[in-house]
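No experiment lies behind these values; they were computed from the predicted model shown.
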Amino acid sequence: MKKINYKKKICYISVPAQIINSVSSSSLHSFLNVKTSKKNKSNFFNLRNPKLWAFSFFLLSILGMVLRLSLCLSPFGFGDFCGYPYYESQLQSSDTNASPKSHSGTRFNTTQAEISNAKDRSLLKRVEKNETFGGESHLITSNIEQHDQNEFWKQPDGLGYKPCLDFSNEYRRESKKIVEERRKYLMVVVSGGLNQQKIQIVDAVVIARILGAVLVVPILQINLIWGDESEFSDIFDLEQFKSVLANDVKIVSLLPASKLMTRPSEDGSMAFNASPQWIRSHYLKRFNKEGVLLLRRLDSRLSKDLPSDLQKLRCKAAFEALKFSPRVMEMGKKLAERMRSKGPYIALHLRLEKDVWVRTGCLSGLSSKYDEIVNIERIKRPELLTAKSRMTSNERKLAGLCPLNAKEVTRLLRALGAPKDARIYWAGGEPLGGKEALKPLTSEFPHLYNKYDIALPLELKPFAKRASIMAAIDYIVCKESDVFMASHGGNMGHAIQGHRAYEGHKKIITPNKRHMLPYFLNKSMTETEFGKMIKKLHRQSLGKPELRISKAGRDVTKYPVPECMCNQSTSTI
């Protein structure tokens, strides 16, 4: 008979780390030191023994935590059970280069073809930068449910206004004659940046309609500043432009062969605020000579107060016919989707470039060094100064004529309740002072990006020397944002404001500079008092429907109500 060895043996229990952390050391110690004698066993299983109850509670705790852990890690969507959503990016666009990752930031990976074709292997470092765009997603996932309740993201009441382009019977009758026209041809040369060009193209459509002429696709003048040689079809969708306006104006790509040798009658002296009557009286006679009229310098010369049908035509041309080309739209939509892959985002059009400070007669507020740079440039080229020359820079600022600098933009956004973790896309050229000029923004809102930050290394390469196309990409991302703000109006800010109104009055912040700046200078106000006052000043400046006819000279493409939009309480005009 073998002798039984009664030496004490050590037993080990394997317990998950998550459970160990949740159990107090005293409970675990008492559990591991339970005696194994027969007497103690009998006492232990006594229902009145508190140790039995403690042991049972411990086992149930382990079982519950294991079950909870298994549900959290389950791929079937039980992540919300754990207190954090099982977040998965909704970036499911045609962008095959983007592959969303949960809990670690959305990743934007290049295809193998892009990587293999990259001559400079240092581009891979840029790819790694994009892989972690937006930072850790848990900062956003914990707040996603709060976004809907956050006043800052709340969209304005559109009051039921929708696009409403019902032309009169008289307009329709005239259309049949105009689209059959083959004798009068209008040629236009448009200049300036992208949004200046858009304004002139829209006006060219309206002028062609007034004259009953065929419109030759507008010629884009080569931009001397940026050297952009883009043609109309590089930036805009030519077929869309022609087809949408087919019942309003006849549009051709080139002059017919019978007119190619014709020397067009050229006019560059169109009056400011020109009415339809002025245009007919000055240009119709010229068609009788050669049949071809060439117009230049159309920028903002056509009257803003036109008959209702022509106002509708303006909106139709600006918002429905003048779309960007497919490849430009695709690039812009990709970047917009990447911005939104983590939730709502803000878009800013920052006017911080050196030429803006020079032209406005304002100072950037950076330092005396940069103030001197601006003053020297202004002395060298006084013709650039578009503001009233008799006003000092300080007087211009207090009058609301200066762009907001990054510090002022930051304080305004903070006062209006922008979340610190908000994603912000900024459009615009290189700021005077470079990164230093943006420090106030990045210190308060660290998730600040532009197109170069979120595009893949090779995606923007085809557009590298196409400033107008780059501006079009910015336009798309800004238009698609949840909240948009321009630091200093301008053509792009006005165009986006009208476009967002036409698409449902999406939120836009219009800084009330003249009234808010005194509060910026008031150092005795607390931040709470300052925030309340800023919100009060901007209560009516957040994108609600605003009637164009409330003020004379307003552009219908900025204020499309009531000519181009109507609701149930308004009749079509």
As a quick check of understanding, evaluate salt bridge (Lys or Arg N to Asp or Glu O under 4.0 Å) for Lys479 and Glu503, giving each step before the final call. CA-CA 10 Å; Lys479 183 181 74 69; Glu503 293 187 350; 3.2 Å; yes
Could you pull out all residues at least two apart from Glu320 that satisfy salt bridge (Lys or Arg N to Asp or Glu O under 4.0 Å)? none
Could you pull out all residues at least two apart from Asp157 that satisfy salt bridge (Lys or Arg N to Asp or Glu O under 4.0 Å)? none
Distance from Asp228 atom CG to Leu220 atom CG, nearest 0.5 Å? 8.5 Å
Among side-chain atoms of Asn273 and Ser303, is any donor-acceptor pair under 3.5 angstrom? yes
Approximate separation, where rounding is to 0.5 Å, of Leu432 CG and Glu377 CD: 10.5 Å
Tell me, please, which residues at least two apart from Cys478 pass disulfide bond (SG atoms under 2.5 Å apart). none
Does Arg414 qualify as a cation-pi partner of Phe445, given the criterion of NZ or CZ under 6.0 Å from the six-membered ring centre and within 45 degrees of its axis? no
Tyr475 and Phe324 aromatic ring geometry - parallel, tilted or perpendicular at 30°/60° bounds: perpendicular
With no hydrogens and no angle check, do the side chains of Gln196 and Asp299 hold a donor and an acceptor under 3.5 Å apart? yes
Can a salt bridge be assigned to the pair Lys369 and Glu436 using a cut-off of 4.0 Å between side-chain N and carboxylate O? no
Are Cys564 and Cys315 within a span of less than 2.5 Å, counting SG to SG? yes
Trace of the side-chain hydrogen bond (donor to acceptor under 3.5 Å, both in side chains) decision for Thr557 with Asp555: CA-CA 5 Å; Thr557 59; Asp555 191 341; 2.9 Å; yes
Is it the case that the ring center of Tyr502 lies less than 6.0 angstrom away from the ring center of Phe319? yes
No-hydrogen, no-angle side-chain donor-acceptor test under 3.5 Å, Asp237 and Ser325: no
Test applied, salt bridge (Lys or Arg N to Asp or Glu O under 4.0 Å); reference residue, Glu563; option that passes from Lys316, Arg314, Arg548, Arg554: Arg548
Which of these, Lys342, Arg500, Arg340, sits in a salt bridge (Lys or Arg N to Asp or Glu O under 4.0 Å) with Asp482? Arg340
Do Glu444 and Arg411 sit within salt-bridge range, that is, some charged N less than 4.0 Å from a carboxylate O? no
Just verifying a value: how many Å separate Asn405 CG and His488 NE2, rounded to the nearest 0.5 Å? 13.0 Å
Residues Glu546, Lys551: salt bridge by 4.0 Å N-O rule: no
Give a yes-or-no answer on whether the side chains of His494 and Asn491 include a donor-acceptor pair shorter than 3.5 Å. no
